[in-house]
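Quick notes on the structure that follows.
When a residue number appears, it is its place in the shown sequence, counting from 1. In this text, all values refer to a predicted model and were calculated from it rather than measured experimentally.
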Amino acid sequence: GRAVYDNIRRVVIYLFSHNMGELMPFLFATVAGIPLVPLNALQVLAIDLGSDVLPALALGAENPEPDVMQRPPRARKSRLLDRNTLGRILFLGGIQSIGAIIAFISVLLAGGWAWGTMMPTHDPLYRHAITATQAAIVISQVFNSFSVRTTLESVFKKGLLSNWRLLAAQVVSVCIIALISYAHPLQEIFNTAPLTLQDWVIVTGFGALLFGAEEIRKAIFRARRRRHAH
């Protein structure tokens, strides 16, 4: 029962932080006076179907953490979306949001775009920028899915690749974004463009930043728990 509850919470954190990463680029564009949409509807649909469903199912089958039976029972009035869960969603979703926004803006500025300038949706620079946004969200979700496998324990201690279902699901996710970026028929459907090596470095770097920040957060909370125990 505790393992099932933990897995439901993992899926909730994974999906909600992901949705925050999708939403914030739109809000940023509106507030910052950017007359461009960071993602089109088909890209959002591809993210939700390609990067949500299979990894979420895999997280739902995650093995319980070693200390699951050493924890005190949950209070009867405790909520699934408690303060700690919401804080973790905001923490992970915030990093994903920043990565997606920077991916979008950096491509535009590097291509000579002037802030606030409108451009047609078929413009190669715009297509490149929204493809980078999509890749940033998907790649950060790959790292995020491995981070949420544990609550306080380091993922390395549990075994980074011990959930083969999650690994397979995220391989599919990366293949989907690669096909959307490089396969010409899909480029025409999704209005995307090929990503450069620099794009991949940026989006992977923010994904690794998310993973590292979450590992540091867990280490801090483990240290606090040990101090309280003594």
Side-chain angles (χ1 to χ4, degrees), residues 1-26 39 43-65 68 74 78-101 103 133-177 203-219 221:
R2 293 187 178 194
V4 170
Y5 186 87
D6 284 349
N7 285 345
I8 293 173
R9 177 169 287 176
R10 289 185 182 101
V11 172
V12 167
I13 294 172
Y14 177 78
L15 294 178
F16 278 36
S17 60
H18 164 73
N19 290 335
M20 182 177 171
E22 283 183 291
L23 175 63
M24 291 307 294
F26 289 92
L39 291 169
Q43 285 180 294
V44 173
L45 183 62
I47 292 172
D48 290 341
L49 294 179
S51 302
D52 275 1
V53 178
L54 291 179
L57 291 173
L59 285 171
E62 184 69 40
N63 292 326
E65 296 183 62
V68 66
R74 296 188 310 275
S78 64
R79 298 179 178 181
L80 183 65
L81 285 174
D82 57 15
R83 184 176 63 179
N84 291 333
T85 302
L86 287 173
R88 199 173 178 192
I89 290 171
L90 293 174
F91 179 70
L92 295 171
I95 298 175
Q96 292 182 66
S97 300
I98 293 172
I101 291 169
T133 307
Q134 183 180 7
I137 294 172
V138 171
I139 298 302
S140 67
Q141 275 301 92
V142 173
F143 285 91
N144 184 23
S145 67
F146 289 99
S147 293
V148 300
R149 290 182 58 208
T150 60
T151 304
L152 291 178
E153 183 185 40
S154 172
V155 178
F156 293 103
K157 185 176 180 180
K158 189 171 187 179
L160 190 61
L161 306 180
S162 56
N163 186 338
W164 66 267
R165 297 178 183 86
L166 180 60
L167 182 62
Q170 294 298 12
V171 168
V172 172
S173 298
V174 174
C175 288
I176 289 174
I177 183 59
V203 300
T204 304
F206 269 97
L209 175 64
L210 179 148
F211 184 86
E214 178 66 356
E215 283 292 300
I216 292 172
R217 185 200 67 83
K218 293 175 187 177
F221 276 84

Residue pair F156 / E215: nearest heavy atoms and the distance that separates them: CD1-OE1, 3.8 Å

Donor-acceptor pairs under 3.5 Å, side chain of residues 164-172 to any protein atom, not counting sequence neighbours: which ones?
from, atom 1, to, atom 2, distance (Å)
Q170, OE1, S173, OG, 3.2
Q170, NE2, Y14, OH, 3.4
Q170, NE2, S145, OG, 2.8

Determine yes or no for a side-chain-to-main-chain donor-acceptor pair under 3.5 angstrom, with E214 supplying the side chain and V148 the backbone. no

What heavy-atom pair brings V174 and V142 nearest, and what distance separates the two atoms? CG2-CG2, 4.0 Å

Examine R217 relative to F221 and say whether NZ or CZ is less than 6.0 Å from the centre of the six-membered ring and inside a 45° cone about the ring axis. yes

On a heavy-atom basis, which atom in A100 and which in I137 lie closest, and how many Å separate them? CB-CG1, 3.9 Å

Would you please say whether a donor-acceptor pair under 3.5 Å links the side chains of N144 and S147? no

Side chains of L39 and F26 in contact at under 4.5 Å (non-hydrogen atoms): yes

Any N84 side-chain heavy atom under 4.5 Å of R9 side chain: no

From OG (S162) to CD (E62), nearest 0.5 Å: 6.0 Å

Side chain of S97, backbone of L23: donor and acceptor closer than 3.5 Å? no

If you look at every heavy atom in V155 and F146, which pair is closest and at what distance? CG2-O, 3.1 Å

Give a yes or no answer on whether the side chain of R149 reaches the backbone of L160 with a donor-acceptor pair at less than 3.5 Å. yes

Straight-line distance of K218 NZ to R88 CZ, nearest 0.5 Å: 5.0 Å

What is the minimum heavy-atom distance between L210 and Q96, and which atoms define it? CD1-CG, 3.3 Å

Please list, chain by chain and in numerical order, all residues satisfying side-chain contact (heavy atoms from CB on, under 4.5 Å) with N63, sequence neighbours excluded. none

Rounded distance [0.5 Å steps], CZ in F143 versus OG1 in T204: 6.0 Å

How far apart are the closest heavy atoms of P25 and I101, and which atoms are they? CA-CG1, 3.8 Å

Throw together a table of side-chain donor-acceptor distances under 3.5 angstrom for residues 46-60, partners on residues two or more places apart or in other chains.
from, atom 1, to, atom 2, distance (Å)
D52, OD1, H18, NE2, 3.0
D52, OD2, H18, NE2, 3.4

